[in-house]
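In what follows, a structure is listed as C-alpha cells, so that the remarks can point back to it.
Starting from 1, each residue takes its place in the sequence as its number. Just follow the structure's listing: the first ligand is 1, and inside any ligand the first atom is 1. Hydrogens, waters and symmetry mates play no part in the numbers below; they use all other heavy atoms, side chains included. Quick caveat: nothing in here was measured; it's all calculated off a predicted structure.
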Amino acid sequence: MPRVLLVEDEPAIADTLVYALSTECFEVTHVLTGADALAAFAGELHDFVILDIGLPDMTGIDVCRRLREMSAVPVLFLTARDGEVDRILGLELGGDDYVTKPFSPREIVARVRAILRRTQAARVGTSEAATASAPPAASTSQGVFHHDAAAMRIHCHGRRLDLTAHEYKLLLVLLEKPGRVFTRDQLLDHAWEDPGAVTDRTIDAHIKSIRAKMRASHPGAEDHIQTRRGLGYLLSLD
Ligand code: CA
C-alpha cells in the first residue's frame with residue numbers, strides 16, 4: 001500500500017481526502033501543520049505527499065523546500081488561488097502537480113495514481129538507460145538555440161536555460177518544428193507521460209515559466225515562443 005502524507009489544516013477537506021484515499025487502498029497519515037508534516041516525514045518515509053499551500057505555521061512551499069532536503073518524494077500541491085500556481089512552478093521546488101480548490105476527492109486520487117505511475121516509470125527508465133549502451137546523443141544548434149542532447153540542456157543566446165524536466169521536454173517539442181503551431185493537446189501528448197493527469201492550464205503555466213527564463217537569459221530579446229490565440233504555441237528561431 002502506497003503511504004501518503006496528507007498535510008491539510010481544513011478538517012472538512014482533510015476528512016473527505018482521507019476517506020477517498022483509504023477506500024482506494026492508500027495508507028494515509030494526516031497532519032494539520034507544516035511542523036507535524038516534517039516530523040512525520042522524518043519519522044517514516046512516505047511514498048507521496050499532498051501538501052496544502054496555506055498552513056497555519058508555515059507555507060506549503062516552505063514545507064516542500066525542507067522535504068526536498070530529505071527526499072525527492074512526489075508532491076501534489078493544493079492551492080486556494082490560481083495566483084499561487086506561478087509561484088509553485090516558478091520556484092522549481094520539484095512539485096509534481098497542483099490542484100486548485102475546490103476539487104473532487106476523485107480528482108485527487110486520480111492525480112496521485114497518475115503521478116506515482118509516472119515517477120515509478122521514470123525511475124525504471126533511468127536505471128534502464130544507465131545499463132543500456134545508448135548511442136551518443138547529438139547536439140544541434142538552431143538560430144539562437146543550442147540543444148546539448150547528451151546533457152539534456154537547452155541554451156538560448158549562449159546561456160544555459162535552467163529548465164525543469166517538463167519545461168525541457170516542452171521546449172524540445174517546439175524546437176523540433178520551429179514555426180509550426182502546436183495545440184496544447186499535442187504538447188501534452190509529447191511532453192507528459194500521462195497527459196490525462198494534467199490540464200491545458202498546466203501547459204500555459206509552463207510556457208509562461210519558459211518565457212521568463214528565456215527573457216532572463218537575454219533581457220530585451222523578442223519572445224521566441226509565440227501564442228496563436230485559440231490554437232496553441234509556436235517557436236520562432238529569431
Ligand atoms: Ca489551508
For Asp162 and Tyr168: C-alpha separation, side-chain torsions, deciding distance, then whether side chain to side chain donor-acceptor pair (under 3.5 Å) applies.
CA-CA 9 Å; Asp162 194 10; Tyr168 168 76; over 6 Å; no

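Counting only distances under 3.0 Å, and ignoring water, the protein N, O or S atoms around the Ca ion (ligand 1) are Asp9 OD1, Asp52 OD2, Gly54 O.
Listed by chain and number, the residues in a side chain to side chain contact (heavy atoms under 4.5 Å, CB included) with Val18 are Leu6, Ser22, Val28, His30 (sequence neighbours excluded). Considering only residues two or more places apart in sequence or on other chains, Thr29 meets the side chain to side chain donor-acceptor pair (under 3.5 Å) condition with His46.
Taking every heavy atom of both residues into account, Thr164 and His206 meet most closely at OG1-CD2, 4.4 Å.
Remark: the backbone N or O of Met214 is not paired with any side-chain donor or acceptor of Arg211 at under 3.5 angstrom.
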Under 3.5 Å, side-chain donor or acceptor atoms of residues 7-15 against the rest of the protein: list the pairs with distances, not counting sequence neighbours.
residue	atom	partner	partner atom	Å
Glu8	OE1	Lys101	NZ	3.2
Glu8	OE2	Glu10	N	2.9
Glu10	OE2	Lys101	NZ	3.3

